[in-house]
Visitor: 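Here's a structure for you.
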Amino acid sequence: MMTTVYISRDSGALSLGAEAVATAVAAEAKKRGQELRLVRNGSRGMYWLEPLVEVSTSKGRVAYGPVPSSDVPSLFDSGFLQGAGHPRYQGVTEEIPYFKNQERLTFARVGVTDPLSLEDYRSLGGYLGLQNALMLSSEQIIKEVIESGLRGRGGAAFPTGIKWKTAFDSPSQQKYVVCNADEGDSGTFSDRMVMEGDPFVLIEGMTIAALAINASHGYIYLRSEYPHAYRTLNQAIERAYAESYLGKDLQGSGKTFHLEVRRGAGAYICGEETALLESLEGKRGMIRYRPPLPAVSGLFGKPTIINNAISLASVPIIFSNGAKFYKDFGMGRSRGTLPFQLSGNIKRGGLVEKAFGLTLRELLYDFGGGSATGRPIRAVQVGGPLGAYLPESQFDTPLDYEAFSGIRALLGHGGAVAFDDTVDMARMARFAMEFCALESCGKCTPCRIGSTRGVEVIDRIIQNRNREANLNLLGDLCDLMLNGSLCGLGGLIPYPVLSAIKHFPGDFGVKDVAELKLP
Ligand SMILES: Cc1cc2nc3c(=O)[nH]c(=O)nc-3n(C[C@H](O)[C@H](O)[C@H](O)COP(=O)(O)O)c2cc1C
Ligand code: SF4
């Protein structure tokens, strides 16, 4: 019987040497006259085990990792094709606690299937959601999404179904669906993983969104730094067209949906939805004033729904398993699951899809295994570069949108970047403000001027020049940016800056933070 071996084609795995391992496995098999089927799957998201080599056995898939290509001959010698022991042996993949303890809904097929095989996709429930949605009216589709409780995974957590309803209610012959795949947040990679590992789930989600608002065209706005995702998406789109999952007369329904991938040029602000639209129209990425909302007047002035890639990739399971199934995961108003992404100074970095409600501590220690250096984790930035730095005393906060806003923090796109006790939080605050100065689109004064002045003020604080007065000045500036900026870049950058001062005052030479005038 032909044995199947899986080695990931995900860019995270490739950066760790997966291509060389795949080449070595194929060459070694040939040398030994051993027939095998090599499948290049997505990643399971256990990056600390990449390059991961999996072998299909009667017990299920058995994993070996991390495998350097120099270990390939010894893998063959030890009989890995039968799932035998080896120093890199990790047991049955789905029994590895990091994987087993997840709740994979959106990522159910990522790392399991050949990303470009429609047959694989359908064999694991793919396109069931579309099949069901094709039997519903737009109103019924929207109702189902509202009932599922799905909220935008791009950061703002706006209810997806309500956004779709606004676009549906806006009269126009032409409407658009746009997928935000700019994924600019530091420490985030879930959009990339899904696009590389299960592109059809995103295509299916966008098609259902198009049916909901009667849109005939869609665009995936992809960050330029994702060449592998670009190739995979285009190949998947081609195959979807070939089997009538895209184009005219979708599956004989008489409905039309065309889909294209467009690449950004690499600016953080182009992830903000209105700047994204400007960029998609071929202009410089600058924020648009709101109203009108994009759902009323978006791409080329037409009603447009813009959703994050994970929001859209979460739609098919709502239609294959039902809104109630999805809603049963989570806590409070945060329903379903979120693919959390663990990185920075962490032992087991990777992707963990879990229902909302686990604590940050569980994510960092039960999954992440603590810091990579073995030193205590001192701070974690959750939610990208605009997210607050959380100290150990807040690690028991449940990962839930409301719980995080209650401590003036963001869950954002679910990225968590860990730092050990050697981190200097004054430098991190400076880094945050400098990031804003570099990435500001320049449209509003609090952000354009404020961020540059902010860096100068933080420099004076670090140099102990008139420290207390400068800290109060920084507090004033943050207050202005919080309340006076036109978009979330200037409006949220005070979060990391102020949280660094409040939770780690010693790093700023402050004895009693209560004596400062901070917003
Ligand atoms: C400065 C800034 C950058 C953003 N970057 C991204 C991004 O890279 N990806 C994303 O999906 N949303 C990003 N957003 C959020 C989008 O503006 C928008 O809320 C989102 O695409 C809506 O989709 P959702 O409702 O599915 O989350 C950003 C917002 C701001 C203010
Ligand atoms: S806050 Fe910054 S990025 Fe946003 S509109 Fe103002 S200048 Fe542009």
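Both ligands and their constituent atoms are indexed starting at 1 by order of listing.
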Visitor: Where is the nearest protein heavy atom to atom 16 (C) of ligand 1: which residue, which atom, and how far?
Guide: G271 O, 3.5 Å
Visitor: Is the shortest side-chain N to carboxylate O distance from R9 to E196 below 4.0 Å?
Guide: no
Visitor: What protein N/O/S atoms are found closer than 2.8 Å to atom 4 (Fe) of ligand 2?
Guide: C487 SG
Visitor: Going by the rule salt bridge (charged side-chain N to carboxylate O under 4.0 Å, His left out), which residues pair with E147 if we only count those two or more places apart in sequence or in a different chain?
Guide: K143
Visitor: Ring pair (Phe, Tyr, Trp, His ring centres under 6.0 Å) for F356 and Y401? Distances and angles first, verdict last.
Guide: CA-CA 9 Å; F356 291 94; Y401 294 119; 5.1 Å; yes
Visitor: On the ring face of Y230, is R263 found with NZ or CZ under 6.0 Å from the centre and within 45° of the axis?
Guide: yes
Visitor: List every atom of ligand 2 that sits less than 4.0 Å from any heavy atom of G442, numbering the atoms from 1 in the order shown and giving each element.
Guide: 7 (S), 8 (Fe)
Visitor: Should we say atom NZ of K255 is surrounded by more than 12 heavy atoms from elsewhere, each under 6.0 Å from it?
Guide: no
Visitor: Regarding R290 and E272, does a basic nitrogen lie under 4.0 Å from an acidic carboxylate oxygen?
Guide: yes
Visitor: Do Y241 and Y245 have their ring centres less than 6.0 Å from each other?
Guide: no
Visitor: Compute the minimum heavy-atom distance from R223 to ligand 1 and say whether it is under 4.0 Å.
Guide: no
Visitor: Considering only heavy atoms, which of R153, E273, E439, K163 lies nearest to atom 25 (O) of ligand 1?
Guide: K163
Visitor: What residue and atom, counting heavy atoms only, is the protein's closest point to atom 8 (O) of ligand 1, and at what distance?
Guide: G184 N, 3.0 Å
Visitor: Distance from I377 atom CD1 to I346 atom CD1, nearest 0.5 Å?
Guide: 4.0 Å
Visitor: In the protein, which heavy atom is nearest to atom 26 (O) of ligand 1, and how far is it?
Guide: S311 OG, 2.6 Å
Visitor: Distance to 0.1 Å, residue and atom name: give those for the protein heavy atom nearest to atom 27 (O) of ligand 1.
Guide: G154 N, 2.7 Å
Visitor: Check the angle between the aromatic planes of Y127 and Y121 and answer parallel, tilted or perpendicular using the 30° and 60° thresholds.
Guide: perpendicular
Visitor: Starting from atom 3 (C) of ligand 1, what is the nearest protein heavy atom, named by residue and atom, and what distance separates them?
Guide: E272 N, 3.7 Å
Visitor: Restricting to pairs with a member in residues 266-306, which pass ring pair (Phe, Tyr, Trp, His ring centres under 6.0 Å), not counting sequence neighbours?
Guide: Y268-F435
Visitor: Which residue supplies the protein heavy atom nearest to atom 23 (O) of ligand 1, what is that atom called, and how far is it?
Guide: N308 N, 3.2 Å
Visitor: Counting non-hydrogen protein atoms only, what is the nearest one to atom 1 (C) of ligand 1? Give residue, atom name and distance.
Guide: Y268 CE2, 3.5 Å
Visitor: So is D182 polar-close to ligand 1, meaning N/O to N/O under 3.5 Å?
Guide: no
Visitor: E260: what forms a side chain to side chain donor-acceptor pair (under 3.5 Å) with it, not counting sequence neighbours?
Guide: R262
Visitor: Please write down residue, atom name and distance for the protein heavy atom closest to atom 10 (C) of ligand 1.
Guide: N180 ND2, 3.1 Å
Visitor: Just jot down the ligand 1 atoms closer than 4.0 angstrom to any heavy atom of I306, in number order.
Guide: 22 (C), 23 (O)
Visitor: Measure centre to centre between the rings of Y495 and Y389, then say whether the value is under 6.0 Å.
Guide: no
